[in-house]
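Here is the structure we will look at.
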Amino acid sequence: MPKLTICGGGNAAHVIMALAPNTGWEVDVFAPLANEADRLQAGVAAGGVSAIFGDRQVTGQPRRVSANPAEVIPGSELVLLALPAFAHGATLQTIAPFLDAGAAVGALPARGGFDYQARALLADAPAINLFGLQTLPWACRIIRYGQAVEVLGTKAGVDVAVSPVGQADDLLPALAALLGLQLKPAASFLTLTLANTGQLIHPGIMYGLGRGREADTFAAADIPLFYQGVDPPTANLLQTMSDEVQAVAAAIAARDTDFNPREVLPLLGWLLHSYPTNITDSSSLQSAFNTNRAYVGLRLPTRPAGPDRFAIDYTTRYLAEDIPFGLVVLRGIAELAGVATPTIDAVVIWAQARLQKEYLVDGQLVGAHLSETRAPQTYGIFGFGF
Ligand code: NAD
């Protein structure tokens, strides 16, 4: 059997642990964070991991879980980074010495600039094929660690970038069978970086619904709904951010005929493409968010703030991932393409203050923490041709 190693022990990793062992792969798991490997091993030994898709359930039993890359990475034909983007760098660095020549290493989702970072960190590894998914195929939450994960929604189709491009013919069918999804080749990682809708949706809604509410506290039942709570000003903000991305895509296409801007869907088009049967009212961007069944009940992230009170948490991955591995990457590309992005800039400036980071200063990507991001400038790319 071909061997697959899943890196990570979070929500997405649980779904893959349930699915992959049933599709002809020998599955190992690399989970170095805290005591996750032990906790996963205990759950797996108790009967495997179940993914619950409504009234359907799939259970898989990984062969081995380890916090030691030497035990699980060698021999892997496929390595899946099922991780938030802020964990990609440390993980790539740790696994690099153990990768076999010809292994395919990919992230789901890639988020922005995955290829810049992976090429830099795997420069000394033997010939590696890279791939990235435009989005995580599932909305999913662990119910019992190492045992069960609930899949709240599955996207109808997901775009995948592969480098070198010629490997896509072999890789995509294997990935599609493994994940139980329709996958479509994206022309390049640049397409994925621009088409990363999480970088618009998460910071955009945090800004729209959370700005100015830093000092507010809420009873649990009053915490604002995240997607169902999108109001007209927030929908307008999201639309403007999406329009700015379209302008960047058009500017790149004008100079690079290999780049297809139609692969970078506007936000409403992406929602309808990703959730064709989940959205009840697709007449506007706001209604598409408000009436998407996959988004029901999800609230703004919070932290405890006194007895039975909660305050909005501005440090979760909605900003900590989607700013340095999303909007800042996009902003860096916009700068190289010569396109102004005033609304995206406003969101970055507000969000970086919440994260206590500095990326954008006086309209320039020169902040003290820029090197922690995957902006092309971090990797020495200062001209058109990224
Ligand atoms: P998660 O929050 O469950 O992942 C956390 C896991 O990542 C940890 O349990 C650990 O295993 C690993 N990790 C974190 N920091 C690490 C480090 N420094 N070193 C090594 N491992 C580390 O994430 P998820 O929900 O599985 O999401 C994965 C990706 O998919 C993220 O990019 C997320 O934004 C995206 N996404 C998730 C959902 C969802 O419904 N879960 C939906 C859309 C997109």
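Residue numbers start at 1 and run along the sequence shown. One-based numbering, in listed order, for ligands and for the atoms of each.
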Nearest protein heavy-atom contact for atom 1 (P) of ligand 1: which residue, which atom, what distance?
Asn11 ND2, 3.9 Å
Pick whichever of Gly326, Ala87, Ala294, Ala320 has a heavy atom sitting closest to atom 15 (N) of ligand 1.
Ala87
Give a yes-or-no answer on whether the side chains of His88 and Arg111 include a donor-acceptor pair shorter than 3.5 Å.
no
If you have a sec, work out which protein heavy atom is nearest atom 26 (O) of ligand 1 and how many Å separate them, to one decimal?
Ala12 N, 2.7 Å
Among all protein heavy atoms in this structure, tell me which lies nearest to atom 37 (C) of ligand 1, with the distance rounded to 0.1 Å.
Leu136 CD2, 3.4 Å
Verify whether the ring centers belonging to Phe226 and Tyr318 lie closer than 6.0 Å.
yes
Please list, in number order, the atoms of ligand 1 under 4.0 Å from a heavy atom of Gly10.
3 (O), 4 (O), 6 (C), 9 (O), 11 (O), 26 (O)
Does at least one non-hydrogen atom of His14 fall below 4.0 angstrom from an atom of ligand 1?
no
Under 3.5 Å, side-chain donor or acceptor atoms of residues 136-157 against the rest of the protein: list the pairs with distances, not counting sequence neighbours.
unit_1	atom_1	unit_2	atom_2	d
Tyr145	OH	Gly9	O	2.8
Lys155	NZ	Thr135	OG1	3.2
Lys155	NZ	Leu136	O	2.6

the protein heavy atom lying closest to atom 8 (C) of ligand 1 turns out to be Glu36 OE2, 3.3 Å
Please determine, by modelled atom types, if Ser66 and Asn68 share a side-chain donor-acceptor pair under 3.5 angstrom.
no
Using the side-chain contact (heavy atoms from CB on, under 4.5 Å) definition, which of the options Met17, Gln41, Arg39 pairs with Val65?
Gln41
Mode of Leu33 contact toward ligand 1 - side chain, backbone, both, neither (heavy atoms, under 4.0 Å):
side chain
For Asp322 and Arg317: C-alpha separation, side-chain torsions, deciding distance, then whether salt bridge (Lys or Arg N to Asp or Glu O under 4.0 Å) applies.
CA-CA 7 Å; Asp322 286 298; Arg317 61 183 164 86; 6.0 Å; no
Is it true that Thr234 and Asp231 share a donor-acceptor pair across their side chains at a distance under 3.5 Å?
yes
Logged contact type for Ala90 with ligand 1, heavy-atom cut-off 4.0 Å, is neither
Any non-hydrogen atom of Ala31 lying under 4.0 Å from ligand 1?
no
Can you sort out which atoms of ligand 1 are near Gly8, meaning under 4.0 Å from one of its heavy atoms?
11 (O)
Gln57 atom CD, neighbour heavy-atom count above 12 within 6.0 Å
yes
Hydrogens and angles aside, do Thr91 and Thr94 bring a side-chain donor and acceptor to less than 3.5 Å of each other?
no
Applying salt bridge (charged side-chain N to carboxylate O under 4.0 Å, His left out) as the test, list every pair that has at least one member in residues 67-88; sequence neighbours left out.
none
For ligand 1, which atoms sit closer than 4.0 Å to a heavy atom of Gly9?
9 (O), 11 (O)
Can an N or O of Arg111 be found at a distance shorter than 3.5 Å from an N or O of ligand 1?
yes
Identity and distance of the protein heavy atom lying nearest atom 2 (O) of ligand 1:
Arg317 NE, 4.0 Å
Which residue holds the protein heavy atom closest to atom 7 (O) of ligand 1, what is that atom called, and what is the gap in Å?
Pro84 CD, 3.4 Å
Among protein heavy atoms, which lies nearest atom 32 (O) of ligand 1, and at what distance?
Glu321 OE2, 2.5 Å
Please could you name the atoms of ligand 1 that Ala139 approaches to less than 4.0 Å, counting only its heavy atoms?
40 (O)
Does the ring centre of Tyr295 sit less than 6.0 Å away from the ring centre of Tyr275?
yes
Ligand 1 contact by Pro109, heavy-atom criterion under 4.0 angstrom:
yes
Does either side chain, that of Ser50 or that of Thr59, offer a donor lying less than 3.5 Å from an acceptor on the other one?
yes
the protein heavy atom lying closest to atom 21 (N) of ligand 1 turns out to be Leu83 CD2, 3.9 Å
Hey, which atoms in ligand 1 end up nearer than 4.0 Å to a heavy atom of Arg141?
39 (C), 40 (O), 41 (N)
